[in-house]
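Residues: numbered from 1 along the sequence shown. What you see below is based on every heavy atom in this structure, not just the backbone, and it leaves out hydrogens, waters and symmetry mates. Because the structure is a prediction, the values reported are computed rather than measured.
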Amino acid sequence: MEAHNGTVLSEFILMGITDRPELQAPLFGLFLIIYMASVVGNLGMVILTKVDSRLQTPMYFFLRHLAFTDLGYSTTVGPKMLVNFVADQNKISYYFCATQLTYFLVFIISELFILAAMSYARYVAICNPLLYPVVMSQTVCQVLVAMPYLYSIFESLLIAVKIFDSSFCGYSVIRHFYCDSLPLLSLLCSNANEIGLIILISAGFNLIFSLLIVLVSYLLILASILRMSSAEGRRKAFSTCGSHLMVVTVFYGTLIFMYVQPESNHSFDTDKMASIFYTLIIPMLNPLIYSLRNKDVKHALQSTWKRICNSLS
């Protein structure tokens, strides 16, 4: 917590999304709507997949946890960002910054591997439908979700402790609208190279390993679909994968754009736009994608709404 010059660093200043005063109010309204839509959509998906008897399959079990992680990292970032639009100075305390970084990493890493687990579940459902109830048993599903949570907690604590155990140089302005590992790394006076290497290795492993599971699963699914003789069977198989494939493409595409582009192409504004997309826009889109393209979810939503209306009348 001590800065390099001997002073105590008790808070940081977030640069925020924009420094133009005339844009603060419109952006606050826009992001408030986006965040509230994300909360309602994801919280609704969590509740719906928990209470509706027709949504008690492995696919909806994973979807519930996907909605939970979306809700988690959007809530870690969103409220503080909204407060900063109306605050005189975008300050964040030292300990709240460490907490925000830890929770953000927990949820974002968990989502990578939950998406990978969902890809594997799709592969089993299409390529080995007779074995699906056995292979994707309740215990297996719980393990496939518990492992990402435990792993992400370990990794996020490792990175957060490493960063906040190091010396900061006294310059407390974070070039971002939330506490992320790379902007914080540029403020360190000690261990920056070591921590940067840890972040690079862990981010590379998480992205490549989870994406590899997704790609292999979908290549095997595609091969299985092409072997189907029935056009109706192929249509149903593609329809089953459509929502998840769309979510995977948007999420991984944004992360790859954010972290894999050459250093010379990085800019503060570009990174901010990409961060806004995967911290706020994607969590809002995911419930819409799954509900609009899924008959079971739409029917469950309609029946739940009817029950609520009947109970109130």
Side-chain angles (χ1 to χ4, degrees), residues 1 9-17 31-32 34-36 38-43 45-46 64-85 87 90-117 145-166 168 174-185 187-188 195 198-199 202-203 205-207 210 251 254-255 258-259 271-272 274-284 286-287:
M1 188 169 172
L9 191 62
S10 60
E11 63 185 16
F12 296 97
I13 297 172
L14 297 166
M15 286 193 70
I17 291 175
F31 288 121
L32 178 62
I34 291 172
Y35 175 66
M36 292 308 297
S38 175
V39 170
V40 170
N42 286 295
L43 191 58
M45 190 67 74
V46 170
R64 178 162 67 248
H65 285 277
L66 179 69
F68 174 70
T69 55
D70 280 338
L71 182 63
Y73 67 77
S74 62
T75 299
T76 301
V77 173
K80 179 59 181 172
M81 183 192 71
L82 291 170
V83 168
N84 287 343
F85 277 119
N90 300 347
K91 293 181 179 179
I92 184 169
S93 73
Y94 180 93
Y95 292 110
F96 185 59
C97 184
T99 303
Q100 188 182 56
L101 172 64
T102 303
Y103 277 100
F104 177 75
L105 290 176
V106 166
F107 289 117
I108 206 79
I109 295 169
S110 296
E111 177 143 335
L112 283 169
F113 290 101
I114 288 171
L115 285 170
V145 163
M147 286 174 63
Y149 285 138
L150 293 173
Y151 167 72
S152 63
I153 289 170
F154 168 77
E155 186 171 308
S156 62
L157 286 173
L158 173 67
I159 292 172
V161 169
K162 280 282 187 182
I163 289 174
F164 286 91
D165 227 21
S166 303
F168 288 90
I174 299 173
R175 291 176 57 82
H176 217 327
F177 60 92
Y178 66 95
C179 290
D180 200 2
S181 53
L182 293 181
L184 282 166
L185 200 63
L187 306 182
L188 294 181
I195 298 169
I198 292 172
I199 293 170
S202 62
F205 171 78
N206 296 338
L207 192 60
S210 59
F251 187 72
T254 306
L255 288 180
M258 179 85 177
Y259 292 108
D271 287 352
K272 274 197 300 185
S275 296
I276 289 169
F277 197 78
Y278 77 76
T279 56
L280 293 170
I281 308 297
I282 290 177
M284 179 193 68
N286 284 353

> Looking only at side chains, do Thr75 and Tyr35 share a donor and an acceptor under 3.5 Å apart?
Replying inline: yes
> Can you tell me how far CD1 of Ile198 sits from CG of Leu158, rounded to the nearest 0.5 angstrom?
Replying inline: 5.5 Å
> Which heavy-atom pair separates Leu32 from Leu82 by the least distance, and what is that distance?
Replying inline: N-CD2, 3.6 Å
> Quick one: CZ on Phe12 to CD1 on Ile92, what's the gap to the nearest 0.5 Å?
Replying inline: 9.0 Å
> How about Tyr178 and Thr76: do any of their side-chain heavy atoms sit closer than 4.5 Å?
Replying inline: no
> Can you list the residues that meet the side chain to side chain contact (heavy atoms under 4.5 Å, CB included) rule with Ser38, with sequence neighbours excluded?
Replying inline: Asn42, Ser74, Pro283, Met284
> Run the side chain to side chain contact (heavy atoms under 4.5 Å, CB included) check on Phe177 and Thr279 step by step: do they pass?
Replying inline: CA-CA 11 Å; Phe177 60 92; Thr279 56; 4.1 Å; yes
> Taking the six-membered ring for Trp, are the ring centroids of Tyr73 and Tyr278 within less than 6.0 Å of each other?
Replying inline: no
>> Any non-hydrogen side-chain atom of Leu66 less than 4.5 Å from a side-chain atom of Glu111?
In response: yes
> Considering all heavy atoms of both residues, which atom of Cys179 and which atom of Gln100 are nearest to each other, and what is their separation?
Replying inline: N-OE1, 2.8 Å
> How close do Ser210 and Leu112 get, heavy atom to heavy atom, and via which atoms?
Replying inline: CB-O, 3.7 Å
> Out of curiosity, Ile195 CD1 to Leu182 CG, how far, rounded to the nearest 0.5 Å?
Replying inline: 11.5 Å
>> Show the nearest heavy-atom pair for residues Asn84 and Asn90, with the distance to one decimal.
In response: O-OD1, 2.9 Å
>> Can you give me the closest heavy-atom contact between Leu101 and Ser181, atom names plus distance?
In response: CD1-N, 3.5 Å
> What heavy-atom pair brings Asp180 and Phe104 nearest, and what distance separates the two atoms?
Replying inline: OD1-CE2, 4.2 Å
>> Are the side chains of Ile109 and Ser202 in contact, using a 4.5 Å heavy-atom criterion?
In response: no
> Should the heavy atoms of other residues, nucleotides or ligands under 6.0 Å from OH of Tyr103 be counted, would the total exceed 12?
Replying inline: no
> Under 4.5 Å between any side-chain heavy atoms of Asn286 and Met45, yes or no?
Replying inline: no
>> Below 30° counts as parallel, above 60° as perpendicular, anything between as tilted: where do the rings of Phe205 and Phe113 land?
In response: tilted
> Mind checking what makes side chain to side chain contact (heavy atoms under 4.5 Å, CB included) contact with Leu157, not counting sequence neighbours?
Replying inline: Thr102, Ile153
> Does the side chain of Phe164 come within less than 4.5 Å of Leu188's, by heavy atoms?
Replying inline: no
>> Does any part of the side chain of Val77, heavy atoms only, come nearer than 4.5 Å to the side chain of Phe107, both counted from C-beta?
In response: no
> With a 4.5 Å limit on heavy-atom distance, are the side chains of Leu184 and Cys97 in contact?
Replying inline: yes
>> Using the side chain to side chain contact (heavy atoms under 4.5 Å, CB included) criterion, which residues pair with Phe154? Sequence neighbours excluded.
In response: none
>> Is any side-chain heavy atom of Met81 closer than 4.5 Å to one of Ile17?
In response: yes
> To the nearest 0.5 Å, how far apart are CG in Leu185 and CD1 in Ile163?
Replying inline: 6.0 Å
